[in-house]
Structures are given as structure tokens and as C-alpha cells.
Amino acid sequence: MKLSYRAVRRPGVVAALLSLILLCNGAAFAQQTVASKGGAATARKKAGTRRTAAGKATVAEAREFVAHAEQRLTELNLQSSRASWVQANFITDDTEALAAAADNELTAAVTQLAEQATRFDGLKLPYDTARKLQLLKLALTVPAPSNPAERNELTKITASLSSDYGKGKYCPDGAGGKCLTLQEMEPIMAESRDPEELKRIWLGWHSIAPPFKQKYARFVVLGNKGAREMGFKDLGALWRSNYDMPPDGFAAEMERLWLQVKPLYESLYTYTRWKLSEKYGKQLVAENGPIPAHLLGNMWSQTWSNIYPLLKPERSDPGYDLTKILVQKKTDARQMVRYGEGFFTSLGLEPLPQTFWERSLFVKPQDREVVCHASAWNLDSQKDVRLKMCIKITAEDFSVVHHELGHNYYQMAYAPQPTLYQNSANDGFHEAIGDAVALSVTPEYLKQINLIDKVPDESADIGLLLRLALDKVAFLPFGYLVDQWRWKVFSGEVTPENYNKAWWELRTKYQGIAPPAPRSEADFDAGAKYHVPANTPYARYFLAAILQFQFHRALCREAGFTGPLNRCSIYGNKQAGAKLKQMLAIGQSRPWPEALKALTGEDKMDATAIIDYFAPLKRWLDEQNAQHARRTTSVR
Ligand code: X8Z
Ligand code: ZN
């Protein structure tokens with residue numbers, strides 16, 4: 001089972017535990033009130049009386065129990081993180097088995113502690129003790145059933161799904177020929193404009209997933225069983241219980257935010273579709289139908305900036321291409337990370353520890369299998385932070401490096417907190433920090449660090465905004481739908497007989513895209529996205545897409561910036577840095593609205609920041625779309 005907290009690690013299982021580790025897989029958070037509304041209420045009922053043989057549970061016992069639990073979690077976390085780190089960096093049958101075993105132990109211990117914690121339900125407790133007990137109950141991303149054989153089976157499945165994805169390859173010429181890794185296919189998806197080649201590569205990568213389907217279906221059964229034993233309706237309800245509000249309230253909150261940003265997505269989508277229709281012809285891209293998923297420059301159609309050259313406004317192009325500049329300057333992977341670190345230190349945060357540079361993985365090794373999907377780890381919950389990423393020298397990875405370092409700086413900032421508070425305010429916060437910082441990678445900043453010579457004037461703003469929107473706005477429906485699908489799978493509304501159908505219904509409904517060729521239930525297209533086999537919740541990325549603009553707006557205000565938000569960079573601003581650090585240091589010790597308030601003065605997640613940021617672009621897109629509609633009507 002996976003803990004919720006942070007670790008990214010391996011999927012499946014525990015991941016998170018305490019401080020853990022990794023962020024990209026792990027997970028997070030819990031909140032206090034939640035429990036009483038969600039699964040924990042049932043757990044409490046099941047626990048029945050809170051009396052022990054020794055009599056009624058007391059506040060002193062609860063305190064002692066929490067102290068013991070935190071100590072135990074710290075030890076087990078370290079052990080399991082090390083095993084996960086080795087598994088992800090050297091995928092073999094043995095490292096997979098070792099990681100599964102460590103996860104198994106951690107999961108068993110956390111499940112037992114969470115169960116024991118119900119003994120104190122209903123007791124009037126001091127704030128910290130009550131909150132920590134609550135966090136403990138929500139700590140596992142996937143709790144295992146208490147039956148040891150089933151727990152064992154579950155931790156093995158999760159470890160193996162993670163390895164399977166990491167090893168995934170497409171072998172166009174069969175087993176004897178050369179095989180392509182995701183790392184090799186992604187640049188083709190980004191750069192090729194040959195629809196047949198794009199389709200081949202898209203289908204090739206998606207062919208890795210069907211073998212995961214049966215294991216995934218079994219994982220769903222066992223994960224649900226574990227969640228139900230903890231008192232949750234199903235695993236999806238447990239995941240939705242991590243936001244200091246009842247699980248249904250959280251689902252409503254996601255929908256509220258989506259409805260706020262939907263018109264912006266629609267404007268971008270409409271413009272993109274007719275440009276693609278111009279490029280590829282109406283046969284392939286119908287002006288009123290869904291966009292084929294292989295034409296958007298990304299394997300999952302989740303970010304579209306790679307097709308910016310097909311869409312760019314002639315009169316408003318910023319005129320520089322960061323990928324080309326980085327390559328021309330012969331930037332290497334380590335230098336990419338140095339750029340990221342330089343931003344954080346300019347805000348007054350500490351340099352990364354020496355061990356970060358010694359222990360991280362920056363370059364894809366040629367001689368062994370690794371999980372290339374980027375992740376940020378903190379092995380010992382103190383200073384042993386690491387990055388694991390197969391860095392490519394591109395503008396995209398320049399951003400991803402900032403994203404990952406945001407995780408590492410968050411981990412270091414909350415390290416002084418007690419174990420159960422070593423996490424972000426909610427998991428969207430963890431995902432948003434590095435991205436918020438990367439919003440300050442403006443032309444002005446690039447000039448300051450000598451990557452460009454001249455800052456383009458404001459006539460380039462539409463081009464700059466469009467390029468960014470193709471990543472940030474295009475992502476929104478994808479960020480929303482991945483867990484819509486999993487929530488339905490966990491609740492039983494979607495069964496293995498219609499996994500793929502349900503996946504494409506959501507892809508079409510929210511993103512407006514269609515598969516490049518007919519699909520069937522022999523396919524398992526959700527499984528071709530890392531976070532599904534790696535079992536990392538995804539709602540966090542949707543939240544982060546909204547929160548990062550809220551954070552950026554607040555940090556720019558703090559820095560005294562008064563111009564348009566897309567030209568604001570907080571680079572070098574210690575006052576904004578101090579404000580950021582203050583929020584990071586809170587960790588998960590307070591409900592997330594308080595952490596949000598500490599940074600922004602607001603206590604609700606709010607999409608007006610992203611909407612305001614892109615307002616000039618939306619006006620421009622709507623005008624272009626209207627002109628195009630008029631042209632096509634008059635031609636008819
Ligand atoms: O998985 C990630 C990070 C690690 S937490 C690289 N992201 C999501 C994805 O790649 O699908 C960042 C944005 C969305
Ligand atoms: Zn992340």
C-alpha cells in the first residue's frame with residue numbers, strides 16, 4: 001500500500017510515507033476534518049468502543065502512541081525509500097523483489113498503526129495529536145488488505161507494474177529488431193509532422209500497456225479491499241479524502257474549478273483545431289470533430305507547445321527558441337539543474353547539498369533499465385534530496401527541472417517538522433511550487449542569465465502567451481480526467497470490460513480528442529500513462545495548474561511588481577522568496593487553506609489568476625476564431 005505522503009516511489013505501495021520520498025508518486029496529505037466525514041467515520045464505528053483492556057483511552061496514551069508511530073514510520077520509510085530508489089535506478093527482478101518486500105513491511109506497519117489509531121476516535125485531543133492521527137489514517141495511497149497473503153500480492157503487483165512501465169519499449173521489427181524507448185519516441189511525437197509516422201509511434205507506445213491490464217484489474221480489487229477495511233467506500237474515496245474536506249466536496253471543488261477554466265480551454269482548442277485542419281487537411285482533422293490524438297506534439301496530448309510552430313501568430317512571435325539556444329550553448333544535463341538551483345538560491349533559499357549532486361541521476365544510463373519518468377526524492381526526510389530524471393536538453397525539460405526542484409525545496413523546507421507533518425499543504429501544492437517559480441522564466445530573466453541577447457517588446461506577448469497556454473491551458477482537461485477515470489474504476493462504475501471505452505469517452509468529452517485508430521478492450525490506453533501503472537494520484541496536477549498562477553500572482557505582488565503577470569519574474573527577489581519559504585515550512589501541519597492564506601491572503605483555490613494571466617490571449621483567440629468562422633461561412 002502506499003502511503004500517502006510523499007514519496008514517490010514506487011508505485012504501489014507505500015510510497016509515501018513519511019517524508020518521503022518521492023514525489024511523483026507519492027502522495028499525500030490528509031486533513032483533519034476529513035476523516036470525520038469520510039471513511040474514518042466508518043472506521044470509527046467498526047472500532048466500536050475505544051476502551052482497551054486497560055480501560056478508557058486517554059490523551060496521554062494518544063500522545064505517546066503518536067510519538068511511537070512517528071518514530072516507527074521514520075525508520076521504515078528510510079528502508080523502503082532506499083529499496084525504491086535502487087529499484088527505480090536499476091530495474092531488475094531482484095531490486096523489484098527487494099522494493100516489494102520493503103513496501104510490504106511499511107504497508108503492514110502503517111495499516112496496523114492506522115487501525116490502532118481508531119482507538120482514540122471520539123476522544124477530545126489537543127490539535128496536533130488529533131491532526132497527526134488523522135494524517136496517519138490517510139497516509140497510505142493504497143492501503144493493503146490485512147490478510148498477509150493479499151498484502152503480499154498487492155505489493156508485488158504494484159512493484160511489478162512500476163518496473164513494467166519503466167522497461168516499456170516498442171519493437172517495430174519484432175523481438176529481434178531494434179526497440180524504441182519512450183525517451184526515443186517522445187522527440188518524434190514532438191517534432192515529426194508526418195501523420196503516418198506519428199500514428200505508428202503513438203500506436204507503438206500504446207502497445208506496451210495491454211499486458212498490464214490484468215494486473216491492474218487485480219490491483220483495483222485488492223486496493224479497494226484495503227481501503228474498505230480502513231472504512232472508506234473505495235480507494236477513490238480515500239484519495240478524495242485528502243483535502244481537509246469531505247470527499248464529495250472535493251469532487252465538487254474540482255468541477256467548480258474546471259467550469260471556471262473551460263471557456264479558456266475551448267478558445268484555445270477551437271483555434272488549434274482549425275490550424276491543424278489547415279495543416280493536415282479536413283479529411284484528417286475535421287473542423288467540427290475531435291482532434292486526432294497523435295497530432296498534438298505529445299504522446300498523451302497533454303501539453304501542446306511542441307506544435308507551437310504550426311500555430312504561431314506571424315506578427316507576434318517572440319523570435320527565440322529556448323531548446324535551440326540551450327543546444328547551441330552546449331548545455332549539459334548538470335548545467336540544466338544548475339540553472340534551476342540558481343533560481344531558487346536567488347530567492348534566498350539554500351544551495352542544494354553536495355550529496356544531491358553526488359547521488360542524483362540526470363542522464364539516462366545506456367547499460368541498464370531505469371524509470372525515466374522524472375521524480376524528486378528525499379531519502380532520509382532531512383537533507384538527502386535527489387533528482388531522478390533522464391534530462392533532455394529542451395525547453396520542456398528546462399521547466400521540468402524547475403518543477404522537480406520545487407519538490408526538493410519543499411521537502412527541505414518542511415524537514416524540521418515532525419514526521420507526520422512532513423508533506424505539502426495538499427498534494428496540489430507540492431506539484432505547483434516549481435511550476436510557479438518557472439512562470440518567472442520570462443524573456444527578461446533569460447536575458448539576465450545570458451540565454452538571450454534581447455528582450456522582445458510587447459508586440460511578442462501574444463506569441464509568448466500562446467506558447468505557454470499550449471502547455472498550461474491545454475493540460476487542464478487532461479489533468480481533470482485521469483482521476484475521473486480512476487474514480488470510476490475504483491467505484492466499480494467502470495469495469496475491466498469497459499476500461500478503454502470509458503477512457504476514450506472522457507478523453508473526447510473533456511479534451512475533444514479521438515484515438516488515431518479504432519480501439520478495443522484489448523487495448524489499455526490509460527495504462528500507457530505513467531501515473532496509472534505507477535499508481536500516482538493525478539488530481540494534484542490539475543490543482544497545481546490552477547494554484548501555480550495563484551502563487552505567481554501573490555509572489556509578484558509581494559515583489560512589488562505592477563505590470564502584466566506574464567512579464568513578472570521574481571528572480572532575485574528575497575522578499576518574495578521569504579514569503580514562499582514561510583509557506584513551504586508549514587508543511588502539512590495546518591489545513592491547506594491556512595497555508596494558502598499565508599502566501600496569497602486567499603483561502604480558496606481560485607482560477608481567476610490563470611484566467612487573468614491569459615486574458616489578452618483569450619481575446620485574441622476569440623477574435624481569430626470569429627474571423628475564421630466568418631470566412632468559412634462566406635465561402636460556403
Ligand atoms: O509527473 C509529472 C512530474 C513529476 S511529479 C514530471 N508531471 C505530470 C505528468 O508528467 O504527467 C508534471 C506535470 C504533469
Ligand atoms: Zn511533480
Side-chain angles (χ1 to χ4, degrees), residues 4-11 15-16 20-29 88 141 162 165-166 182-183 186 189-190 205 296-306 336-337 340 360-362 371-378 385-392 394 396-411 423-424 426-439 468 470-483 485-486 507 511 526-549:
S4 68
Y5 292 9
R6 67 237 65 250
V8 169
R9 38 167 12 17
R10 76 219 285 6
L20 281 260
I21 348 211
L22 269 296
L23 253 294
C24 238
N25 251 333
F29 342 102
T141 302
S162 162
Y165 184 92
L182 179 59
Q183 189 86 355
E186 287 195 285
M189 291 307 294
W205 176 249
L296 289 158
N298 174 275
M299 190 62 84
W300 307 275
S301 323
Q302 66 182 69
T303 48
W304 305 346
S305 63
N306 289 322
M336 295 273 280
V337 185
S360 291
L361 176 91
F362 298 143
V371 177
C372 267
H373 192 90
S375 53
W377 301 54
N378 183 356
V385 291
R386 306 178 193 180
L387 169 62
K388 183 182 63 58
M389 177 171 173
C390 304
I391 300 176
K392 295 187 263 355
T394 61
E396 190 172 344
D397 275 5
F398 194 78
S399 294
V400 177
V401 164
H402 288 74
H403 174 96
E404 297 303 330
L405 293 187
H407 287 312
N408 286 138
Y409 275 100
Y410 212 153
Q411 291 160 342
N423 205 344
S424 54
N426 74 36
D427 54 1
F429 283 57
H430 230 307
E431 298 303 336
I433 298 305
D435 285 10
V437 164
L439 289 176
L468 191 70
L470 289 169
D471 282 339
K472 304 293 178 180
V473 178
F475 178 76
L476 294 161
F478 184 75
Y480 188 32
L481 75 83
V482 174
D483 278 355
W485 182 80
R486 274 191 292 204
R507 296 268 266 169
Q511 288 184 281
K529 175 66 197 164
Y530 168 81
H531 303 70
V532 172
N535 198 28
T536 305
Y538 212 83
R540 59 184 61 176
Y541 299 109
F542 176 76
L543 300 179
I546 309 264
L547 280 169
Q548 62 186 266
F549 287 90

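Computed from a prediction, not measured in an experiment: that's the story for all the values here. Sequence positions, counted from 1, serve as the residue numbers for this chain. Whatever order the structure lists ligands and atoms in, that order sets their numbers, starting from 1.
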Could you check Val401 against Met389 for side-chain contact (heavy atoms from CB on, under 4.5 Å), going step by step and ending with a plain yes or no?
CA-CA 8 Å; Val401 164; Met389 177 171 173; 4.0 Å; yes
Output the atom name for the N/O/S atom of Glu431 with the smallest distance to the Zn ion (ligand 2).
OE1
Any salt bridge between Glu186 and Lys392, counting N to O under 4.0 Å?
yes
Non-hydrogen side-chain atoms of Lys388 and His373 separated by less than 4.5 Å
no
Quick one: do the Glu431 and His403 side chains pair a donor with an acceptor below 3.5 Å?
yes
Test of proximity, His531 against ligand 1: N or O pairs below 3.5 Å
yes
Hey, which atoms in ligand 1 end up nearer than 4.0 Å to a heavy atom of His407?
5 (S)
Could you say whether the N/O atoms of Gln302 and ligand 1 ever approach to under 3.5 Å?
yes
Does the gap between the ring centers of Phe478 and Tyr538 come in under 6.0 Å?
yes
Side chain or backbone, does Tyr538 bring an N or O within less than 3.5 Å of an N or O on ligand 1?
yes
Of all the atoms in ligand 1, which lie at a distance below 4.0 Å from a heavy atom belonging to Glu431?
5 (S)
Tell me whether ligand 1 is touched by Ala374 - counting only heavy atoms on the residue side and a distance under 4.0 Å.
yes
Pull out every atom of ligand 1 sitting under 4.0 Å from any heavy atom of Glu404, numbered as shown with elements.
3 (C), 4 (C), 6 (C)
I'd like to know if Asp435 pairs up with Lys472 as an ion pair, taking the criterion as any Lys NZ or Arg NE/NH1/NH2 lying under 4.0 Å from an Asp or Glu carboxylate oxygen.
yes
Using the six-membered ring wherever Trp is involved, compare the ring planes of Tyr165 and Tyr530 and label them parallel, tilted or perpendicular (cut-offs 30° and 60°).
perpendicular
Among His373, Arg540, Lys529, closest by heavy atom to atom 1 (O) of ligand 1 is His373
For the residue pair Tyr541 and His531, is the inter-centroid distance of their aromatic rings smaller than 6.0 Å?
yes
Hey, is there an N, O or S on Glu404 sitting under 2.8 Å from the Zn ion (ligand 2)?
no
Distance check below 2.8 Å: does His403 bring an N, O or S atom to the Zn ion (ligand 2)?
yes
